[in-house]
Structures are given as C-alpha cells and as structure tokens.
> 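My structure is below; once you've seen it, I'll send some questions.
Fair warning: this is a prediction, and the values are worked out from it, not measured in the lab.
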Amino acid sequence: MEIVESILDIPVQDPPEEEFSSADLIWTKFGTAEHHDDVALIPYARVDEFIIGECSNVECPTRFHIERGRKRSMGSLKEYKSDEYLEYRLYWCSFGPENYGEGGGVLPSRRYRLNTRNRAARPQSMRGCTCHFVVKRLYAHPTLALIIFNERRHINKSGFVCHGPLDKDAIGPGAKKIPYISNEIQQQTMSMIYLGIPEENVLEKHIEYVQRYCGSDATASTLASQYVRKLGMIIKRSTHELDLDDQASIRMWVERNKKSIFFYQDTSETDPFILGIQTEWQLQQMVRFGHRSLIAADSTFGIKRLKYPLCTLLVFDSRQHALPVAWVITRSVAKPDVAKWMKALLDRARSVDPGWKINGFVIDDAAMEIDPIRDAFCCPILFSIWRVRGSWLRNVVKKCSNIEVQREIFKRLGEIVYSIWGGLDTSVALEELILDFVDQSAFMEYFKSTWVPKIEMWLSTIKTFPLASQEASGAIEAYHVKLKTKLFDDSHLGALQRVDWLVHKLTTELHSAYWLDRYADESDSFQHVKEEYIASTSWHRALQIPDSAVTLDDKGHLFAKVASQKDNSRTHLVWNPGSDFAFCDCAWSMQGNFCKHVIKVNMICENAKGCRPSMSFWSFREILIDLCKKPMDDSVGLDESVAWTHQMLDQIKQLVELNSSNDIGIVVNNMPLKWISKKGRTFVGIPASLPALPSDSKTITKNVQKSRKRKRLSRLR
C-alpha cells in the first residue's frame, strides 16, 4: 500500500450505516517509510458511532475506555503540524492492558481470583489485550477526526486471542462479558475503602461508575457488588508485615511493587538504606504539574520518631496545593546518596516527557545539600521559612506562659531574621534577646542549645537564596500537618520503628486521600471531599475572609483585628501585622502554624502605608539591588547583570499578564511570531488573527537557503 505523507491526500469517509466500525472503513498508510500508521478520516460528529460499532465486534465484544486525553484551545498554537490535535484521546480495549502474558504462553481467562498473596485488582478483566486506537480532532480542521489504529486485533503480546468467544481458555460464559473495572474506578473504590467510607456508599458509587461502561445490567451490578466486598476484605486483611524481620519485609515489598519504585538501595557495609517510592499516578502528577513549575521538599519528617526520616517531594497543583509526587526514606544526606535518587527521579520523569524541566526547587532545611539539586535539575533554588518559623512559634507558646511575652519574643526573633538585610550585627541582636528575656529560662535553654549553634547557617541560607511566598510555605505546611495526622495516630505508635509500616501507610491511606482529593476536584464529585480539599490550606481559607473584617491599628500598625466569620461576637488579634512573624491568638496559630488571620492581615498590609513588605518580596528586591550594584568599570559583569534583570522582568510581565487574562488566546496572539523549520509531513500554520506575511516565493526561498546555510555552518563549528 502506498504511504501518504499529507493529511490533505486522505479522503474523508462517512459510511451510511448508523453505527460503523473499522471494517467499514478504508485504511490509509500515513507517515514516512520508517514510521507509518493505519489511519482514516471521518467527521468528528460521528466518532461516538464509530466507537459503538467497534464495541459491537461479534468475535471480540468489548468496550473501549479513554486511557489518556488532552485538549487545546483554538488559537493556542501559532505553528502546527498538519496532524496536530485540538482534542486527543487514546482508547484502549477494556480487557487490557495490565497482564500481557509474559513468556509467550496462553494467559487463562478466569472469573475468580488466583490464590496468591498479591492484591487482586481486576483479574477477571486484566487480559492483556493490546487493541487500541487514537482519535484526534484536527487543529486545522476541527470538523474532522483522524483515527489512528495501533492494533486492530484483540490479542495479547504473545499473539493469542485473549477474550471473547474465540478465547478457548475462557472459563464459563461470564469470563467473556464481565463488567469492566478501569484503573480509575479501582483506585476510586480503594481510596474510599482506605478512608473509612461506609461500604454501602462505596458500593453505590462503584456500581454507578461501572454502569457507565456496562449499562444497567443486573448481572454486572451483582458482579460489581461482589468485587467491592472482596476488595474490602482484601484491604482489611492486608498487613504491612510481610515478614517478622523489617528488612526482609521491605525486600519482599520492593520485589512485588517494582512499578512504584524509582530507586532502591539496600543496607550494606558501604551503602546506606535508600527507598524511593513513586506510584504511576504520582509520576503523572509530577510530569503534569512540575513541568515549568516548582518542586518543593518537606525534607526531615520524623527525624526523631521514625526509624528512617522521610523526605517528600511536592508539586503545586491547579489550586496551588502541595501534592506529594515522591517519597524518599533514608537517613543519609550525603551528596553522593542524594545525587543517586535525584538523578533516578529525573530520569523517570524524562522517560515520560523528554523535555520535562522545572523552574525552581524549594527547600526548607538549611543543612540540605544544594549541589545535587543544581546538578540534577539545573534550576534556581528557593528557601521556605515555614519550618524555622513554626519551630520557634511552637516552642515560644509551649515554654512561655504569658501571652504578652510570647508576642514580644516572637516579634524579636522576626526582627533578627529581617536584620540580615539591614546590615545589623546578628550576634549583638541575639545577645540582647537572651539578656532581655533571661527570666524565660525554659525557652532560652531550648533556644541556646538548639538554635544558637546553627543560627548563622540558617540566616546565611535565608539571605543567600530567594524566599518562597507565604502561599507556597502554607501549602507545604498543610501537607506536613496532614502527614503528621495520618502517621502519628496513637494506635500506630508501636509500629513507628518499622519501615514496612511507613511504606504501607504512605502507599495506601495517604496516597488514596490525595488521589480522591484530586479526583473530586477535577470531576466535580464527592462535594464534601472537594470542599475540604479546597479549604485545606490557610491561604485559601484567608481568601474567604472579606477585607471589611480586618481593622488595622491607627497608631503605628502595632496590631490588627480580624472578625471571626463563624462567630460575629469574636475577634482575633494579630500582632506585628505585615510581618511573616506576625502573632495571632487563634488556636491554629498557637500550634505553630501559618493561620488564615495572619495571611489575610498580611494581604491587607501589602497595600497599606507604613507596613514592611513580606520577606519573600524583600528577598527578591535585595537580589535585584545586588544585580544593579555591579561596578561600572566591570563591563562584562554589568552586561550580565542587565541581561539577567531583563530576563527576570520579562518573565514576571508574562506571568502577570497570564494570571490577569481571562482568554489565553489573547496572550498567545500578543506573543512574537517564531518561524521554525519543518520536515516530513508538517507545515507551518498561521492563525487567522495574526497579520499575514508577504507571500513572495523568492523571499521564502532565500530564507530557506539561509537557514540551511546556517545549519551547515553550525555543524562545521
């Protein structure tokens, strides 16, 4: 068959049948000699009829589910290929693609769970079928859909028919038409069970989603009900102790969950224990939300109570909430060991998206090694003060009984941090603090033993690196609080020294909680879960407080009053407003956390005269000032400063424009037009909203020749 290289050469087919399948279409080889696919063009309005026809295959009746999907808006691309998509959906046969029948043998089709210790996901439908196709709604022609069939036969990788009437190894008629349990439905059901939702509610939701694929069928509902009860029993009977020996138990878990491991190093005489955990869903979220964005580290959780400390890598999702995308369990903070797992994590992300890159890495520990981050991610490093602020506030409240003393000590600690930009002597400020509050012996003993020996290191880190905003710090803190609530429950205190218990809690309860949060938000279901998820950070809770509820002190802005939204007769007092070290008398703040009242007051103070800016803005301003302080006679240094400053300003302007715009198309159209060389079956498309360029063929030919000449010269260099 002749290979077609242009979409324009493929005819549009519109079969007269009400429902049609791949057998009713004429397929064309599209691509190049090295790589081509079987494709067909149909009206986009008839895609659903094609899918219904494919599901009605007599030899292999099935249903197709959306394995992956992406969308673009019109006007978002200025240059595009001829087969570029406006909407992209990958449809996969519901009898795949988990088990492919490794080893070349015939995979038996069973309705029942095999007697193994592994958790049964959907053994009756995980048949390894490789039949799948892609539907692209074309960007250049939105009324047309390009169907790309990757595998039309319902076979596994060994080449055997794996479901339907032709599957000779099917046991019983139910094995050929059982309800499809997708990974999404399975994860949803597991999450609800892990979070303790009553079985009746779990079953109701499960059957509701299964019926989307199987219809209102009594047999399907019965099988789905059995599935939920069996899955619930499996989860309740599951245990973290695969072996009495913790180290042997972890080895067994790693062997059974290789897909969820991105790095593993067992303890030896020369190497420390390192376990890097990342599920497939976490990898998807890391690639999705981490690209051209920030990654943050909650780096030293459980350093005193757990056998091995836990480091969590976080991304900020669509609501700027911290989402855990990887867990690293290890005691080692040495550069070679940190570099190992960071490189492995980066390689895993780039195996999905080769161009994946982050814009910044947020750390919260001044002792954390910086070189491995720079070597692996090649990005700027930011510092979050949430850990040091929370530790100071928590101990001030705990060890000082007088609230007025608590306010003053915390304010003075904040002034010590702010002094790093004012040219004051930190050691003198520390001595004055210790002398002024010598009567507060409990706190001063803690401060002198814990912080004085290392405060220079912390202050130097705060001064050296740009500081993360209160929104980012509050999001990291919210994750830390949720993690502490999940792990340090009184019923689990006896298991804290077992690594297998920690792994079990992370990959079951905590993973399920965050999966359900994201699912509820994106699908607009589980409204109570969605509402709790949205309000899980102090920043979002602060946005619900109206400006009228905040009253600033007229005399020097010494304090601010915030009226309670739940009780009109109650008012919260925030001392030292405008500072990151503001002190609030609410219960949440007294536990050492960023509270919504402090954040709301600081939002108001941003536009108020006489209030100091936030530490993150102060840090940013100092960095810009330092760039401008380059000596005039050092011309190269001055050029570099100007270049860096302009680059930063351009990025800030684009970010502000993007955040303030309601139409992404307007932002895209205002961007400068870039011409790029295209090969093979592509062409450069210019949106109609852009000004037309001269169509002089001679000019275009000269530009192409110059471009080729530049390429030849660059290769010679």
Side-chain angles (χ1 to χ4, degrees), residues 65 111-113 117-126 178-241 279 281-282 317 319 321 323-324 478-479 481-495 501-537:
H65 66 276
R111 293 185 58 196
Y112 53 86
R113 175 175 175 261
R117 297 185 65 182
N118 291 329
R119 174 179 55 77
R122 44 183 181 95
Q124 68 273 48
S125 62
M126 299 165 83
I178 50 86
Y180 167 62
I181 310 296
S182 69
N183 290 333
E184 184 179 274
I185 297 176
Q186 176 195 338
Q187 184 63 59
Q188 174 190 289
T189 306
M190 289 173 55
S191 298
M192 290 191 289
I193 295 173
Y194 276 124
L195 296 177
I197 296 176
E199 185 176 305
E200 297 78 20
N201 298 344
V202 177
L203 182 58
E204 180 183 352
K205 278 289 181 183
H206 181 80
I207 292 178
E208 175 186 332
Y209 280 91
V210 166
Q211 286 179 349
R212 291 185 181 182
Y213 296 95
C214 303
S216 300
D217 182 74
T219 304
S221 298
T222 302
L223 292 173
S225 176
Q226 293 175 2
Y227 173 82
V228 171
R229 291 190 175 90
K230 288 180 181 179
L231 187 59
M233 291 173 58
I234 293 168
I235 290 175
K236 290 175 183 177
R237 293 175 181 176
S238 64
T239 175
H240 61 273
E241 291 188 1
T279 66
W281 178 76
Q282 286 179 308
D317 62 17
R319 294 189 183 272
H321 290 14
L323 185 68
Y479 165 77
V481 171
K482 187 170 185 176
L483 181 62
K484 185 184 292 185
T485 304
K486 290 287 184 183
L487 295 186
F488 293 160
D489 188 352
D490 292 341
S491 61
H492 302 125
L493 295 181
W501 169 84
L502 175 61
V503 170
H504 182 75
K505 293 288 286 185
L506 293 175
T507 56
T508 55
E509 293 185 27
L510 193 67
H511 184 276
S512 297
Y514 277 98
W515 186 93
L516 195 60
D517 285 345
R518 289 297 310 154
Y519 180 79
D521 186 43
E522 294 186 341
S523 64
D524 198 27
S525 56
F526 300 100
Q527 289 301 316
H528 66 287
V529 175
K530 180 179 179 179
E531 291 170 4
E532 290 179 3
Y533 156 73
I534 293 174
S536 61
T537 66

> If the condition is side-chain hydrogen bond (donor to acceptor under 3.5 Å, both in side chains), which residues does Thr189 pass it with, not counting sequence neighbours?
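With neighbours one apart ignored, the set is His206.
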
> If you compare all heavy atoms of Thr508 against all heavy atoms of Tyr194, which two are closest, and at what distance to 0.1 Å?
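Looks like CG2-OH, 3.3 Å.
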
> Surrounding CD of Glu522 (heavy atoms of other residues, nucleotides or ligands, distance under 6.0 Å), is the total greater than 12?
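Count over threshold, so yes.
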
> Taking only residues two or more places apart in sequence or in another chain, which ones pass side-chain hydrogen bond (donor to acceptor under 3.5 Å, both in side chains) with Tyr479?
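side-chain hydrogen bond (donor to acceptor under 3.5 Å, both in side chains) check on Tyr479 returns Thr312, Trp327.
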
> Would you give the length of the straight line joining atom CG of Asp521 to atom CD of Glu531, rounded to the nearest 0.5 angstrom?
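Rounded to the nearest 0.5 Å, the CG-CD separation comes out at 11.5 Å.
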
> What pairs with Asp317 under salt bridge (Lys or Arg N to Asp or Glu O under 4.0 Å), at least two apart in sequence or on another chain?
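Scan of Asp317 (salt bridge (Lys or Arg N to Asp or Glu O under 4.0 Å), adjacent residues dropped) gives Arg518.
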
> Are any of the side-chain heavy atoms of Lys482 and Ser536 separated by less than 4.5 Å?
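Lys482 does not reach Ser536 side chain to side chain.
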
> When rounded to the nearest 0.5 angstrom, what distance separates NZ in Lys505 from CG in Leu483?
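The CG atom of Leu483 is 10.5 Å from NZ of Lys505, to the nearest 0.5 Å.
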
> State, to 0.1 Å, how close Pro324 and Gln282 come at their nearest heavy-atom pair, and which atoms those are.
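Answer, listing the atom of Pro324 first, then Gln282: O-NE2, 3.1 Å.
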
> Quick one: list whatever passes ring-ring contact (aromatic ring centres under 6.0 Å, His included) with His511, sequence neighbours left out.
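Expected list: Trp281.
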
> Search all heavy atoms of Ser225 against all heavy atoms of Leu203 and return the closest pair with its distance.
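Looking at all heavy atoms of both residues, the closest pair is CA-CD1, 3.4 Å.
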
> Rounded to the nearest 0.5 Å, what separation is found between the CE atom of Met192 and the CH2 atom of Trp515?
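These two atoms lie 8.0 Å from each other.
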
> Calculate, to the nearest 0.5 Å, the distance between atoms CD and CG belonging to Gln187 and Leu516 respectively.
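Interatomic distance, Gln187 CD to Leu516 CG, rounded to 0.5 Å: 9.0 Å.
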
> Between CG of Leu506 and OH of Tyr514, what distance do you get to the nearest 0.5 Å?
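Leu506 atom CG to Tyr514 atom OH measures 11.0 Å (nearest 0.5 Å).
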
> Between Arg319 and Asp517, is there a salt bridge with N-O shorter than 4.0 Å?
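So Asp517 does not pair with Arg319 through a salt bridge.
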
> Name all pairs fulfilling the salt bridge (Lys or Arg N to Asp or Glu O under 4.0 Å) condition that reach into residues 192-203, sequence neighbours left out, sorted by first residue then second.
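Only Glu199-Arg229 qualify under salt bridge (Lys or Arg N to Asp or Glu O under 4.0 Å).
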
> Could you list the residues that satisfy side-chain contact (heavy atoms from CB on, under 4.5 Å) with Ala520, not counting sequence neighbours?
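With neighbours one apart ignored, the set is Phe526, Val529, Lys530.
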
> Where is the tightest heavy-atom contact between Glu509 and Leu195, given as atom of each residue plus distance?
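In terms of heavy atoms, the two residues are closest at O-CD2, 4.1 Å.
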
> Supply the atom-to-atom distance Leu510 CG to His504 NE2, rounded to the nearest 0.5 angstrom.
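The CG atom of Leu510 sits 12.5 Å away from the NE2 atom of His504.
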
